[in-house]
Structure formats: structure tokens, C-alpha cells
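Both ligands and their constituent atoms are indexed starting at 1 by order of listing. In this text, all values refer to a predicted model and were calculated from it rather than measured experimentally.
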Amino acid sequence: MSRTAQRHLLTIDDLGVEGVQRILRLTDSFVEVSERRIPKVPVLRGRTVAWLFYEDSTRTRLSFETAAKRLSADSMNFSVGSSAVNKGESLRDTVQTIEAMGVDAIVVRHKSAGAPKQITQWLDASVINAGDGWHAHPTQALLDCYTLRARLGGIDGRRIAIVGDIKHSRVARSNIAAFTALGAEVVLVAPPTLLPPSLVPFDVTVSHSIDEVIGEVDVVYLLRMQLERMHEALVPSLREYTATYGLTAARARRLGPDTVVMHPGPMNRGVEVAADVPQMPNAVVTDQVRNGVAVRMAVLFDLLATEADPVFGDDGEETDA
Ligand code: ASP
């Protein structure tokens, strides 16, 4: 395995179909590593990865940190809340300060769409987008593709409903790109107020009725109502939203036995999904989280490993490349 020309991971479109497939193949190896008694390999020893999260995160941040540790990379923790950002330091000065200490990659989450791309202009380090505004969340889409492929055997030709607050969702945008690139048909299910102003860039169909699509799809992908991004009332009330678009217990009973239920988290149980639905056998929410670590190992490896790095043997022992 060698370092590719890819230096940053900003969007699924940048990766392209081949890049997505390369990451999914690499992930198979890192799932195997993650299942070992000692789930650690020395492939990124000596590399340093910094975390720069300007927005809250539980899964993505912990998952990247675990991935870096399992690859033996060093990490530089940066907490925006207790940093000189509070003294007015700019994004540019902040990232250049971090780079001056010596980092190979910066994993960044920011509320502004385009912030990770902007950072690539200022640094030599690789930049990984861990979510920028409404724009993109490529590692979420990769872990969702991996999880679906593992569950369904493939994505090509599958029908996937993405349900809920699509307007504010970077997950929806990245998943539409990844699912359609791998040959799925995507239907967006939402009230008109929760759809993006233009659907022209997306190869999707739209439905305003979850009841019409629920029996017709292989996957129901639920999204959280992102109230932190809403500045006006886009639905009459959350209760009404649940009644019209939520995966209630009654609707869940109408799903086919093999229909997969997904959610990127954090879930608002009782709003977009009934409290018990994520525990159903066809819900893969925990698999998504578990696979997220191996996918992020694959992404870090893809960007940072070089020909000169040791590769890993079956027993986890370092071997010569
Ligand atoms: N965790 C995902 C994100 O960061 C989804 C969400 O917050 O609803 O975009």
C-alpha cells in the first residue's frame, strides 16, 4: 500500500468513485485490525494528527482519536473553548500556530461551509473535513457506505430514503453523493421547508410522504432536526413533525424484515425516531459507530502512510515493507 496523490479529504466528490472504493477496501483491513486482541498497528508511528473542533462532537472526534491511536500516530489535542480563539485569534493564525509545532494532518470541524478548504490554502499538512456547516461530512458518508455494504452485500441498485431535515444536513449532502456514486437510487423524504432551496445538484427524487416510501425502500436513513441551525419555525411543532415524518413504532412495524434503519447520531429519540426503534434487529446505528473507527483508520492511512512505512502482518507484528 502506498501513499496516493490525495492529500486532503474535503468532500466525497473529491474522492470520486474509485477513491470511495479504495477507502472501503482499506477499511476491510482495519476492521480486521480492530478485532485483534491488541487492536494496534505501527503504520503511522512518528506522524502527528491535530484535532480542531469548532463545533460539538461526540462520535466523530472520539472515533478519529481512537483511529489515530490504533495506527500509533501521536495526537495534538486542541480545545477551542479553552484556547486563544476566545481572545480573538483568527482561524488562519490558529492553524498556522498548530502547524508550526509540527503536524502531518489536521482534522477540522467548523460551522462555516468551506472552512476546511480554506485551511488547505494556508498549510502543508493534510486537512480532513470532519463536518463543515451544511456542506459536507465525508467520513460519515464513508462509514455509512461501509455499514450498508456489510449489511446488504452491496449498494448498487438499492433504494435509499433519506428522511428529515435535509436542508441543514451535511450528512445528507455527503451521503447523496456517496450513495448515488455507488449506484443507489436516493429518495429524499421531507416537508418542502426542510429541503435545500435547489435540488438541481442532486441526482435524487423527492417525496413528501414517509408512508408512501416506507414499504418500497431497502434503507431508511433518518436525520436529526438540526434546531441549532434553524432561525425560523420550519415545521409547525416537533410533535407534528413526528406524526408526519417520524419513524414511529407503528411505521417501524410496516418495514420489511430486511429494511435497514440508519441514523448518524445524535438521535433525538421520540422526535425523528421512536425510542425503541434503534434497538430493532434491522437498525444498524451501533454498527455505524463501530465501523466509523476502521473507516477513519483507512482515511488517515490513505492520506499519511508512505512507501517507506512498515506494513502490518496478520499477528499485528511490524514487518518490513
Ligand atoms: N453528527 C452529524 C453531524 O455532525 C449529524 C447531526 O449532528 O445531526 O452532522
Item checked: Exam field: side chain Arg22 to backbone Asp302, donor-acceptor pair closer than 3.5 Å -> no

Item checked: Nitrogen or oxygen atoms of Arg229 and ligand 1 under 3.5 Å apart -> no

Margin query: So if I count the atoms of ligand 1 from 1 in the order they appear, which ones are less than 4.0 Å from some heavy atom of Pro266?
Written below: 1 (N), 6 (C), 7 (O)

Margin query: Between ligand 1 and Gly265, is the shortest N or O to N or O distance under 3.5 Å?
Written below: yes

Quick one: side chains of residues 193-201, donor-acceptor pairs under 3.5 Å with protein atoms, not counting sequence neighbours, listed by atom name and distance.
unit_1 : atom_1 : unit_2 : atom_2 : d
Thr193 : OG1    : Leu234 : O      : 2.6
Ser198 : OG     : Val200 : N      : 3.1

Checklist line | Protein heavy-atom partner closest to atom 9 (O) of ligand 1 - residue, atom, separation in Å | finding: Arg170 NE, 2.9 Å

Next item on the list: State the atoms of ligand 1, each with its element, that fall below the 4.0 Å cut-off from a heavy-atom position in His137.
Entry: 3 (C), 4 (O), 9 (O)

Next item on the list: Go through the structure and list residues passing side-chain hydrogen bond (donor to acceptor under 3.5 Å, both in side chains) with Arg254, not counting sequence neighbours.
Entry: Asp211

Margin query: Could you identify the single nearest non-hydrogen protein atom to atom 7 (O) of ligand 1 and state the distance to 0.1 Å?
Written below: Arg224 NH2, 3.0 Å

Item checked: Val171: numbered ligand 1 atoms lying under 4.0 Å from its heavy atoms -> 2 (C), 5 (C), 9 (O)

Check: Can Arg149 and Asp28 be counted as an ion pair, charged N to O under 4.0 angstrom?
Finding: yes

Note to self: Checking contacts here: is it the side chain or the backbone of Arg109 that comes within 4.0 Å of ligand 1, counting heavy atoms only? Could be both or neither.
What the structure shows: side chain

Checklist line | Cationic tip of Arg61 above Phe53 ring, under 6.0 Å, 45° of axis | finding: yes

Notebook entry, point to check: Under the side chain to side chain contact (heavy atoms under 4.5 Å, CB included) criterion, do Ile214 and Val189 qualify, and how do the steps go?
Noted result: CA-CA 10 Å; Ile214 208 163; Val189 184; over 6 Å; no

